[in-house]
There are 2 protein chains.
Amino acid sequence: MAEKVTIATVARRAQVSRQTVSNVLNAPHIVREETRRRVEEAIAALGYRANQAARQMRTGRSRLIAVRIEPTRDGINGSVLDRFLHGLTETADAAGYRVLLYTARDDDQEIGTYDDLLGAYDLDAFVLTGTKHGDPRTAWLAEREVPFVTFGRPWDALDGHPWVDVDGAAGTAQVTRHLLDTGHRRIAFLGWPTGSGVGDDRCAGWRTTMTAAGLDVAGLRRETEDGIAEGERELRDLLARDAPPTAVVCASDSLALGALQAARGAAAPVAVVGFDDTPVAAAVGLSSVSQPLAAAAARCVDLLTGLLDGQPTDPHVLLTPALVLRHTA
Amino acid sequence: MAEKVTIATVARRAQVSRQTVSNVLNAPHIVREETRRRVEEAIAALGYRANQAARQMRTGRSRLIAVRIEPTRDGINGSVLDRFLHGLTETADAAGYRVLLYTARDDDQEIGTYDDLLGAYDLDAFVLTGTKHGDPRTAWLAEREVPFVTFGRPWDALDGHPWVDVDGAAGTAQVTRHLLDTGHRRIAFLGWPTGSGVGDDRCAGWRTTMTAAGLDVAGLRRETEDGIAEGERELRDLLARDAPPTAVVCASDSLALGALQAARGAAAPVAVVGFDDTPVAAAVGLSSVSQPLAAAAARCVDLLTGLLDGQPTDPHVLLTPALVLRHTA
DNA sequence: CGGCAGGATTAGATCGTTCAAAGTTTCTGG
DNA sequence: CCAGAAACTTTGAACGATCTAATCCTGCCG
């Protein structure tokens with residue numbers, strides 16, 4: 001095996017000093033054109049790669065971003081995190097960062113892990129998903145001035161940290177408008193119990209659009225836990241009443257899938273639209289609201305690199321989802 | 001902010017030398033009981049954490065394992081990788097390793113990434129998922145003696161690298177036996193086109209069990225691409241023939257979900273069993289074969305740590321999946 | 001009581017990079 | 001042609017751990 005290629009090897013070959021090689025890598029503009037070319041040739045010829053550990057030891061920065069991976073929750077929404085992670089890894093890569101995973105059972109353990117990762121690996125930043133009211137994690141990180149971004153708005157107004165989110169209300173509003181445009185008037189909403197930021201947001205888009213169109217939403221909203229069986233039960237129940245809805249907007253694909261089964265047995269056709277555009281939706285032809293996960297991941301990385309390089313970036317990004325029309329609406 | 005805690009800080013506080021502290025961490029048995037206790041107290045009191053970068057620079061080992069994250073494929077099987085990753089991260093953590101993600105569009109790019117990761121980050125090992133016939137990646141890694149494990153058997157007999165896999169044949173055999181026990185005789189198999197190692201394996205379990213029970217499998221096997229629509233089409237077709245099957249074993253939950261829809265409209269009830277036990281299966285009450293993903297991930301880590309520490313471990317692990325019975329069989 | 005084996009501990013060098021500061025060359029204008 | 005500035009390059013130290021080799025104990029045997 002060939003001997004290790006270090007910055008000194010490159011320097012010797014290019015007839016310059018170590019520091020000049022380092023400058024070519026980290027501050028190319030201060031090196032004379034011709035010298036730089038010579039060094040770059042040597043780097044290519046030797047296949048030199050800067051040793052990350054040595055660099056990290058000197059600079060205290062690891063070019064590593066940590067993300068928590070959660071066990072797939074019940075329901076069919078697991079693939080959302082999957083796609084987000086993929087996007088994150090890809091964008092981070094392009095920006096010269098890598099993604100490190102960690103797990104945690106609860107908030108306390110997660111905070112312990114932050115401490116570990118920061119102490120041992122000099123982690124540069126964290127990406128948090130699924131923030132909730134009064135999240136202790138963001139407080140801990142903010143207090144120590146650790147750069148981080150959340151995917152998901154902080155639902156407490158006082159939290160001023162950077163975040164990226166998808167505008168759920170805009171998504172359901174778009175769905176509702178589409179249904180109105182295609183002639184529907186009695187449009188129901190199948191969502192989660194009030195109190196979750198995400199769920200309330202998605203409901204709001206439907207409610208405001210309906211109200212703006214001069215329609216009454218009374219009796220058209222159902223709240224239930226997430227799940228296929230739950231969705232089926234609720235829509236079946238709605239359809240059994242007087243003046244049943246002709247269309248239903250759902251807060252998730254799981255609910256929508258259930259609704260679809262209930263709709264199948266209905267007297268009149270019922271349009272169904274889901275949320276998240278999971279693979280199942282694509283498979284069964286369910287129309288759904290698609291979150292721009294790759295874009296969201298990219299913006300997370302943008303925000304982080306901005307923070308890390310001290311560039312001022314707008315720290316709040318709200319992305320608009322897209323409605324994917326298939327057979328069911 | 002408090003000054004950084006290094007091994008020297010600990011040494012001073014415990015009234016010993018740096019090396020003794022290092023020994024307490026890396027070779028506790030050579031340190032005298034009482035000294036060790038004193039050092040451990042100092043470590044705890046100061047909240048010392050060994051700097052990974054410095055250790056890595058000296059030892060050339062990063063305690064980092066790389067895993068490729070793939071974009072979610074079509075179909076509902078995305079959560080499989082998700083769960084595997086979660087298990088991997090958790091077990092690796094317990095063994096003192098962390099998981100690093102990378103992406104790649106094709107094999108060449110992936111090999112380029114290996115080079116990068118090894119050169120810059122001193123990666124300790126790789127976990128590959130989804131190997132195929134004549135995989136260039138395993139060859140590249142083996143040639144350079146980089147430790148790695150694949151999740152999935154190599155389907156070329158000549159590849160001798162360590163692997164962990166789930167015995168698909170055992171899974172479908174178990175399903176078939178269960179169906180036989182509950183009185184079924186005409187049991188169909190809905191699978192993928194011949195040629196994929198995984199698919200052929202799953203088919204074999206059904207076929208041998210049927211044959212062993214003295215039953216004829218002629219006309220009971222269907223091959224199709226993965227997908228819900230495909231599953232529905234094939235079972236509908238099977239049910240339309242003379243002597244239709246009373247039960248069907250599927251190579252995936254996607255196919256099973258489709259089959260379930262076809263079965264719903266059938267004259268006689270048809271038992272359906274899927275494969276992978278995805279969250280959708282749980283949601284709709286579909287019986288399915290559950291891969292022990294957490295265990296598989298754990299065994300991957302075991303194999304890798306074994307390789308890294310030079311301990312001889314049996315390098316081929318075949319795990320048996322479990323049949324999860326729900327409403328559909 | 002001296003010598004010696006062997007374990008426990010220490011001191012110094014080292015990994016590959018970047019920082020700080022000093023050194024050298026090149027350019028500009030009087 | 002030279003002083004002074006600007007641009008570029010070099011040198012030595014430092015980051016925080018581990019490795020090697022040397023030193024210090026301690027107990028045991030002759």
**OP:** Please step through side chain to side chain contact (heavy atoms under 4.5 Å, CB included) for the pair B:Leu101 and B:Leu85, ending with a clear verdict.
**Re:** CA-CA 10 Å; B:Leu101 293 181; B:Leu85 269 184; 4.2 Å; yes

Subject >> Pair B:Arg37-B:Glu34, salt bridge (Lys or Arg N to Asp or Glu O under 4.0 Å): steps then yes or no >> reply: CA-CA 5 Å; B:Arg37 247 202 18 259; B:Glu34 188 237 327; 5.7 Å; no

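Using bins of under 30°, 30° to 60° and over 60° for the plane-to-plane angle, the ring pair A:Phe126/A:Tyr102 lands in the perpendicular bin.
The CD1-C1' distance, from A:Ile30 to C:dC19, rounds to 12 Å in whole Å. For the pair B:Asn51 CG and D:dC15 P, the interatomic distance rounds to 12 Å; values are reported in whole Å. When rounded to the nearest whole Å, the span between CG of A:Asn26 and P of C:dT17 equals 11 Å. B:Glu34 places its CD atom 15 Å from the C1' atom of D:dT26, with the value rounded to the nearest Å. As rounded to whole Å, 19 Å separates atom P of C:dT14 from atom CD1 of A:Ile7. In this structure, the CZ atom of A:Arg18 is 12 Å from the P atom of C:dC15, given to the nearest Å. If you measure from atom CZ of A:Arg58 to atom C1' of D:dA13, you get 8 Å, rounded to the nearest angstrom. For the pair A:Glu33 CD and C:dC27 P, the computed distance is 15 Å after rounding to whole Å.
Contact detail for B:Arg13 and B:Ala45: the closest heavy-atom pair is NH2-CB, 3.5 Å.
Map A:Thr6 and B:Thr35 each onto its nearest nucleotide of DNA chain C; the residue landing nearer the 5' end is B:Thr35.
Taking only distance into account, the side chain of B:Arg32 never meets the base of C:dA8 through a donor-acceptor pair shorter than 3.5 Å.
Distances shown here put a side-chain N or O of B:Arg55 below 4.0 Å from the OP1 or OP2 atom of D:dT18. Contact check, A:Ser17 against D:dT9: no side-chain N or O comes under 4.0 Å of OP1 or OP2. Dashed line: the shortest gap from a side-chain N or O of B:Thr59 to OP1 or OP2 of C:dC15 is not under 4.0 Å. Note on B:Asn23: every side-chain N or O is 4.0 Å or more away from OP1 and OP2 of C:dT9. Between D:dA17 and B:Tyr48, a contact under 4.0 Å exists linking OP1 or OP2 to a side-chain N or O.
By the neighbour-count criterion of 12 heavy atoms within 6.0 Å, atom CZ of A:Arg299 is sparsely surrounded, having that number or fewer from other residues, nucleotides or ligands.
Using a 4.0 Å heavy-atom distance criterion, A:Ala53 is classed as making no nucleic acid contact.
Minimum atom distance to the side chain of B:Gln19 is reached by D:dC19, of the listed D:dG16, D:dA17, D:dC19.
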